[in-house]
Amino acid sequence: MGDKSDKDKWLAGQFDNAFKEHYHKVRYLATHFLKEQEQAENIAQDVFMGLWEKRYEVDFAKSVLPWLVTVTRNKCLNIIKNYKVQQKYQERSYNVIMDLRADLAKSSSESMLLNKEAEVLLTEAMEKMTPSMKETFLLCRFKEKKYEEAAKIQNVSVKTIEYRIMCALKILRKEFKDFLGMFLV
């Protein structure tokens, strides 16, 4: 009874020490890779959740910093890789939406109803965006600002602008999924 409890207490203490000593390093490394503070914070939390889940497998007698660095780097690289794939997909989705918008604008009363429905969906999607994401989306997509211009206006990095646009387009795809489905049949 005492052995398991003592080991659990020792592991919890070792985890606390590792967290206090290395959390800021993990967050800094993630920020270096991703250039987005909020996303880096999420990565750091995920890394330490993973450490906690693997506390019985990790050798706390040695420094856990190499393990933390490796896991952080891999998580960041996966996000960057996924971002690049999503960016290509988003460009195609954006073109489909713009083409649809142009077609709707040219059409008759039936299209006016569809246009109204698309407008409602767009409004609903915009309500699901964070204020900063909405502002970025409006700047880049409706005011046609380049990412660099939007970054200067909002006083953030270009990577942050790219991330916000990626998230905004993800919300739009979800909202317009059924609506676009009837045109893609």
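As the structure is a computational prediction, the values presented were derived from the model and not from experiment.
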Student: Could you tell me whether the side chain of K35 and the main chain of H32 form a donor-acceptor pair under 3.5 Å?
Tutor: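 Yes.
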Student: Write out all pairs satisfying side-chain hydrogen bond (donor to acceptor under 3.5 Å, both in side chains) with one or both partners inside residues 40-51, taking only residues at least two apart or from two chains.
Tutor: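 side-chain hydrogen bond (donor to acceptor under 3.5 Å, both in side chains) check on residues 40-51 returns Y23-E41.
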Student: Among residues two or more places apart or on two chains, list those pairs meeting side-chain hydrogen bond (donor to acceptor under 3.5 Å, both in side chains) that have a residue in residues 47-66.
Tutor: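 Only D8-Y56 qualify under side-chain hydrogen bond (donor to acceptor under 3.5 Å, both in side chains).
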Student: Give the C-alpha distance, both sets of side-chain angles, the deciding distance and a yes or no for side chain to side chain contact (heavy atoms under 4.5 Å, CB included) between F60 and L51.
Tutor: CA-CA 10 Å; F60 282 97; L51 179 62; 4.0 Å; yes
Student: Please list, chain by chain and in numerical order, all residues satisfying side chain to side chain donor-acceptor pair (under 3.5 Å) with N82, sequence neighbours excluded.
Tutor: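 N82 satisfies side chain to side chain donor-acceptor pair (under 3.5 Å) with no residue once adjacent residues are dropped.
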Student: Are any of the side-chain heavy atoms of F15 and V64 separated by less than 4.5 Å?
Tutor: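 Not touching, per the 4.5 Å side-chain cut-off.
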Student: Please tell me if the side chains of Q37 and T31 come closer than 4.5 Å, counting only heavy atoms from C-beta onward.
Tutor: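 The answer is yes; the side chains approach within 4.5 Å.
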Student: Under the criterion side chain to side chain contact (heavy atoms under 4.5 Å, CB included), I'd like the reasoning laid out for L139 against E149: C-alpha separation, chi angles, the key distance, then a yes or no.
Tutor: CA-CA 9 Å; L139 279 172; E149 293 173 298; over 6 Å; no
Student: Other residues, nucleotides and ligands only: do more than 12 of their heavy atoms fall within 6.0 Å of CD on E144?
Tutor: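 No.
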Student: State, yes or no, whether a side-chain contact exists between T160 and E38 at a heavy-atom distance under 4.5 Å.
Tutor: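 Not touching, per the 4.5 Å side-chain cut-off.
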Student: So, do I171 and M133 sit near enough that their side-chain heavy atoms are less than 4.5 Å apart?
Tutor: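 Yes, side chains in contact.
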Student: Within the 4.5 Å heavy-atom criterion, are K25 and L29 side-chain neighbours or not?
Tutor: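 No. Closest side-chain heavy atoms not under 4.5 Å.
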Student: Are R73 and F33 side-chain neighbours, meaning at least one heavy-atom pair lies under 4.5 Å?
Tutor: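 Answer yes - side chains close enough.
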Student: Using the side-chain contact (heavy atoms from CB on, under 4.5 Å) rule, pick out the option among K145, M129, Q154 that qualifies with T136.
Tutor: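 Filter result, single survivor: Q154.
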Student: Any non-hydrogen side-chain atom of E135 less than 4.5 Å from a side-chain atom of P131?
Tutor: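 E135 does not reach P131 side chain to side chain.
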Student: Using 0.5 Å steps for rounding, measure from the NZ atom of K152 to the NZ atom of K146.
Tutor: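 Rounded to the nearest 0.5 Å, the NZ-NZ separation comes out at 12.5 Å.
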Student: So L34 and Y163, side chain to side chain contact (heavy atoms under 4.5 Å, CB included) or not? Walk me through it.
Tutor: CA-CA 9 Å; L34 302 174; Y163 178 74; over 6 Å; no
Student: Any heavy-atom pair between the side chains of L65 and E21 that's under 4.5 Å?
Tutor: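 Of all side-chain heavy-atom pairs linking L65 with E21, none is under 4.5 Å.
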Student: How many angstroms lie between CD in E127 and CD in E124, if you round to the nearest 0.5 Å?
Tutor: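 Answer for the CD-CD pair, E127 versus E124, is 7.0 Å.
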